[in-house]
**Student:** 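Got a structure for you, questions after.
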Amino acid sequence: MSERSELPSQYHPAEIEGPLYERWVERGYFTADPKSGKAPFSLVIPPPNVTGSLHIGHALEQSMMDALTRRARMQGYDTLWLPGMDHASIAVQNLVERQLAETEGKSRTDYTREEFVAKAWEWKERYGGQILGQMRRLGDGVDWSRERFTMDEGLSRAVQTIFKRLYDDDLIYRAERIINWCPRDLTALSDAEVDHVDEPGELVSIRYGDGDTSIVVATTRPETMLGDTAVAVHPDDERYKHLVGKEVALPMTNRRIPIVADEHVDPVFGTGAVKVTPAHDPNDFEIGMRHHLPMPTILDERGVIVAPGPFAGLDRMEARYAIVAALREDGRIVAEKRPYLHAVGHCSRCDTIVEPRLSLQWWVRVERLAKAAGDAVREGRVVIEPASMQARYFQWVDNLRDWCISRQLWWGHRIPVWYSPDGDEESFGPDETPPPGWTQDEDVLDTWFSSALWPFSTLGWPEDTEDLRTYYPTTVLVTGYDILFFWVVRMMLFGLYAMDGEVPFRTVVLHGLVRDSSGKKMSKSRGNVVDPLLWIDAYGADAVRLSLLQGANPGADQAINEEWVVGTRNFNTKLWNATRFALMSGATTEGPLPADPGVVDAWILSELQAVVTEVDALYERYEFAKIVDVLYHFAWNTVCDWYIELAKFALAGERRAETQRVLGEVLDVLLRLLHPMIPFVTETLWTALTGGESLVIADWPKAETERADADAGTYIQQLMEVVTEGRRFRSDQGIKPAQRIPAVIRGVVNPDHVRSLLRLDPPGPEFAVTATLTLSGGDVIEFDLSGAVDVAAERGRLLKDRAAAEKERAANAGKLANDEFVSKAPDAVVAKVRDRLAAADADLARIDAALDKLPTQ
RNA sequence: GGGCGUUUAGCUCAGCGGGAGAGCACUCGGUUUACACCCGAGCGGUCACUGGUUCGAUCCCAGUAACGCCCACCA
């Protein structure tokens, strides 16, 4: 079985990563097998946009998912990590339009819908999906045989099926309302696709009407006045009571509009009078409905004035200035407040200022669905990690308004509703044929509509497939908290609905944003965006993964910096060299562990099992940063700095065979524990060490708690203190690290251990004590420095220690002098303080004795 | 306008009722037969501020300040 290979002396990640990934895929390690009889562990990738390429946020998210999946696989689950992409309606359509404009000088409308959609598919096949290759670079263990696309045939059937079902249940309807309209993308947007940004604008007060029937309104949008059909005041506002029911002349027009009373108006804001433009403002629309006002549209879909008159043809922004200028000339501007800071809605896709617009669109009636989505979390059927993020979830799901799902685009799932020549409307499922002569709705669905089906549409729904039965509900969903509203909530709405109340995932693990090294959000305009692929090239995917996971505290934003990737690369190199040392030392993973190990081996085996326990516990809480911390310290400090250094001595003596076996065991388990996070380097090292087929399919370690050995731990602790003090003595005395010094060691710790780590020799015949180091544990080292002893340095050292001990003594004595402390604090705490006081006293005695012994100069 | 979060070593962050921690950075010393992508030894903090609770507060409570985020139709 042993095909143990030679390791190259240097670690070059680029040389090992690519070939390993392809081997894993070829061997089918990542392919799920519902017939395996194993318990399932499943998750779906948050589908990246087909237009996208791997950014640092993906790298973090996927590193987390890969770690969870790989660990589960090692634990013996039948794992499915399902990959795929999102069709990204607006993004793709914009790209293809731009491409057509550049290459052929044509616009979308120069093509038929079918031609344009064909062009978009062509684009997708040729340029889309860059990210899939980049996921391979990262090492994502996804099941490529189950890759899906939100517009592939199966998912289209799922979309059509659930649409019809919702439609028949009266949970989807068509209605004319004020929607968010993007004048650039020429489509409706959902509330979630609008970003509100506070911007300086202008609040102008305009006098409507003249003489007794005049009223001053305040507005940030004077250009919409051409569509005003009323002025509203609060019903209790004494200032305006006499005007309610009268009409005023609307400036710039020859229309007269009523003054109405409406509760919505805030009498203390502005002038207490509001111009009402029902077709271009959501509130005004509500007022218009209540007062049965006309709702003329005065802006076209591009935001250009269409109301007849001198302003026709002006863009909304041009019109704003033109109209204010005209009003000013007319003496109607009563006041101008500038700058006036107010929230302005922007298209989340292209940043254009959104135009509220009266429009006939399709909606999802969310109330019932949202109730179920909220309850599932309230009842604990879905757990959100970290729990503090639940508040955000409820804030959204409990205040959800009906979801506008129709988009005036061509690339996407076309709304499965057909209209008869007589104006009847009906939704048809994927296997139904609309009657001849009926025509299909022109709009497509919001991209998030199909994304919301992802956890079950990808598994074959609406068909009753083996995959669906096996892998739904998915075990865990890993995504950013910033996507909670867009995606997580909507998967909950549709998952519970389509799957008869069964949740789409049992746990939602939320991560934060990756920021630059000073905590700033990465953005193109700041120029601080990092490309993970460049770092992968330079330091390896393992280093990039590990540095991201090292910062991944649940739900918290994190910073990243190239220096930190260098640091994790250095860690990987350290592992490489440690394993190389083990191989050179004859470490083995075969045969039983020693039944009665020496204290050093007993100690490291005890530490090893404790680390397994700790890592397991941290995985349950998705504490990736802490897992890295634990393993980093265990590997570098515990294993490399202490165990291997001690093993060097043991390997040269009677315990050689035992040490070889234990060293092999330690690295074997360590590499297993690290593999989910840094799969490539661990695989390379582990196969070299053990001769095993692959770490990908190896077993996850089990904590062998019977190996816990507190006594060995206590011994090593004391040894560490002696050695550290000894090194400090050497350093303070200016003794070169390589210089060997004769010394006598008396006390508890094994002199061989101390000599080995401190580079001390046994005393020769002419040994003469020139310096003595006494340690708090009772151990003593007597050195023959054979040259001048730096008494001043040692005195300084001792005085410093003495001051610390004195401070410690005083602090503890002070506590014990406090009767309330002694009577009220728990006995264990009081005992601890007594112990500390005793230790401080002993230290003082020891230090004073050492000072006395110091030769006077 | 509501709501949430953060404030701990130069930087990025853990810790969250009983002795202030890590990584990186920094200083000093090093050709120690795995590793200079390294080894060893160090320096560095009234835990934002003010009150309160407690025998005891970085940790709990209240308030203040700064920063950040989410939600929101005050024109």
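By convention in this document, chain letters (A, B, ...) are assigned in the order of the sequence lines, proteins followed by strands, and residues within each chain are numbered from 1. Source: prediction; values computed, not measured.
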**Student:** According to side-chain contact (heavy atoms from CB on, under 4.5 Å), who are the partners of A543(A), at least two apart in sequence or on a separate chain?
**Tutor:** Y539(A), V565(A), T568(A), R569(A), N572(A)
**Student:** Side-chain N or O of R401(A) versus OP1/OP2 of C73(B): is the shortest distance under 4.0 Å?
**Tutor:** yes
**Student:** Nearest 0.5 Å, what's the CG-CG distance between D668(A) and L663(A)?
**Tutor:** 11.0 Å
**Student:** When you compare G17(B) with G52(B), how far apart are their C1' atoms, in angstrom units rounded to a whole number?
**Tutor:** 15 Å
**Student:** For K521(A), does its backbone N or O pair with a side-chain atom of N528(A) as donor and acceptor, under 3.5 Å?
**Tutor:** yes
**Student:** For R759(A) and for G272(A), locate the closest nucleotide of RNA chain B by heavy-atom distance; then report the residue assigned to the nucleotide nearer the 5' terminus.
**Tutor:** R759(A)
**Student:** Taking atom P in both A75(B) and A57(B), what distance in whole Å separates the two?
**Tutor:** 48 Å
**Student:** Suppose we screen for side chain to side chain donor-acceptor pair (under 3.5 Å). Which residues come up paired with Q733(A), at least two apart in sequence or across chains?
**Tutor:** none
**Student:** Nearest whole angstrom, please: distance from the C1' of C70(B) to the CZ of F486(A).
**Tutor:** 12 Å
**Student:** Between C38(B) and U33(B), how far apart are the C1' atoms? Round to whole Å, please.
**Tutor:** 14 Å
**Student:** Please work out if E645(A) contacts a base, only the sugar-phosphate, or nothing of the nucleic acid, heavy-atom cut-off 4.0 Å.
**Tutor:** base
**Student:** For D237(A), what residues pass the salt bridge (Lys or Arg N to Asp or Glu O under 4.0 Å) criterion, not counting sequence neighbours?
**Tutor:** R239(A)
**Student:** Please state the C1' separation for the pair G1(B) and G10(B) - nearest whole angstrom.
**Tutor:** 40 Å
**Student:** Say we look at C74(B) and U6(B): how far apart would their P atoms be, to the nearest angstrom?
**Tutor:** 27 Å
**Student:** Which residue is it: R797(A), R727(A), K800(A)? I am looking for the one with a salt bridge (charged side-chain N to carboxylate O under 4.0 Å, His left out) to D732(A).
**Tutor:** R797(A)
**Student:** For residues 384-398 of chain A, which residue pairs qualify under side-chain hydrogen bond (donor to acceptor under 3.5 Å, both in side chains), counting only residues two or more places apart or in two chains?
**Tutor:** R378(A)-D398(A)
**Student:** W396(A) near the nucleic acid: base, sugar-phosphate alone, or nothing, with a heavy-atom cut-off under 4.0 Å?
**Tutor:** sugar-phosphate
**Student:** Reading nucleotides 8-19 of chain B 5' to 3', which nucleotides get B (base under 4.0 Å from a protein heavy atom), which S (sugar-phosphate only), which -?
**Tutor:** ---SSSSS--BB
**Student:** I'd like a table of atom pairs between the protein and nucleotides 37-40 of chain B - only N or O on both sides, under 3.5 Å - with the distance next to each one.
**Tutor:**
unit_1	atom_1	unit_2	atom_2	d
C37(B)	O4'	N570(A)	OD1	3.0
C37(B)	O2	R569(A)	NE	2.7
C37(B)	O2	N570(A)	OD1	3.3
C37(B)	O2	T573(A)	OG1	2.5
C38(B)	OP1	N570(A)	ND2	3.3
C38(B)	O3'	K574(A)	NZ	3.1
C39(B)	OP1	K574(A)	NZ	2.7
C39(B)	OP1	W636(A)	NE1	2.5

**Student:** Name all pairs fulfilling the ring pair (Phe, Tyr, Trp, His ring centres under 6.0 Å) condition that reach into residues 559-583 of chain A, sequence neighbours left out, sorted by first residue then second.
**Tutor:** Y11(A)-W576(A), F571(A)-Y632(A)
**Student:** Please classify the nucleic acid contact of Y393(A) as base, sugar-phosphate, or nothing, using heavy-atom distances under 4.0 Å.
**Tutor:** nothing
**Student:** Tell me, please, which residues at least two apart from K824(A) pass side chain to side chain donor-acceptor pair (under 3.5 Å).
**Tutor:** E820(A)
**Student:** Please give the distance between the C1' atoms of A22(B) and A9(B) as a whole number of Å.
**Tutor:** 11 Å
**Student:** Taking only the C1' atom of each, what is the distance from C37(B) to G42(B) in whole angstrom?
**Tutor:** 22 Å
**Student:** Hey, which sits more toward the 5' end of RNA chain B by its nearest nucleotide, K648(A) or K275(A)?
**Tutor:** K648(A)
**Student:** Side chain of K800(A), heavy atoms from C-beta onward: which of A34(B), G42(B), A75(B) has the nearest atom to it?
**Tutor:** G42(B)
**Student:** Got a list of protein N/O to nucleotides 1-3 of chain B N/O distances below 3.5 Å?
**Tutor:**
unit_1	atom_1	unit_2	atom_2	d
G2(B)	N2	Q395(A)	NE2	3.0

**Student:** Reckon Y481(A) has a side-chain N or O less than 4.0 Å from the OP1 or OP2 of C4(B)?
**Tutor:** no
**Student:** Counting only side-chain heavy atoms from C-beta out, which of G29(B), C24(B), C71(B) sits nearest to F485(A)?
**Tutor:** C71(B)
**Student:** Return the pairing partner of U33(B) with a 3.5 Å limit on both distances, Watson-Crick or G-U wobble; otherwise return none.
**Tutor:** none
**Student:** Hey, is the side chain of K736(A) poking within less than 4.0 Å of OP1 or OP2 on U32(B), counting only N and O atoms?
**Tutor:** no
**Student:** N577(A): what forms a side chain to side chain donor-acceptor pair (under 3.5 Å) with it, not counting sequence neighbours?
**Tutor:** R580(A)
**Student:** Could you label the plane-to-plane angle of the F783(A) and F729(A) rings as parallel, tilted or perpendicular, counting under 30° as parallel and over 60° as perpendicular?
**Tutor:** parallel
**Student:** So which pairs with a foot in residues 635-648 of chain A pass side-chain hydrogen bond (donor to acceptor under 3.5 Å, both in side chains), sequence neighbours left out?
**Tutor:** D601(A)-Y643(A), N637(A)-D641(A), E645(A)-K648(A)
**Student:** For A25(B) versus C71(B), give the span between their P atoms, rounded off to a whole number of Å.
**Tutor:** 39 Å
**Student:** Name all residues meeting the side chain to side chain donor-acceptor pair (under 3.5 Å) criterion together with R656(A); count only those two or more places apart in sequence or in a different chain, and write none if there are none.
**Tutor:** none
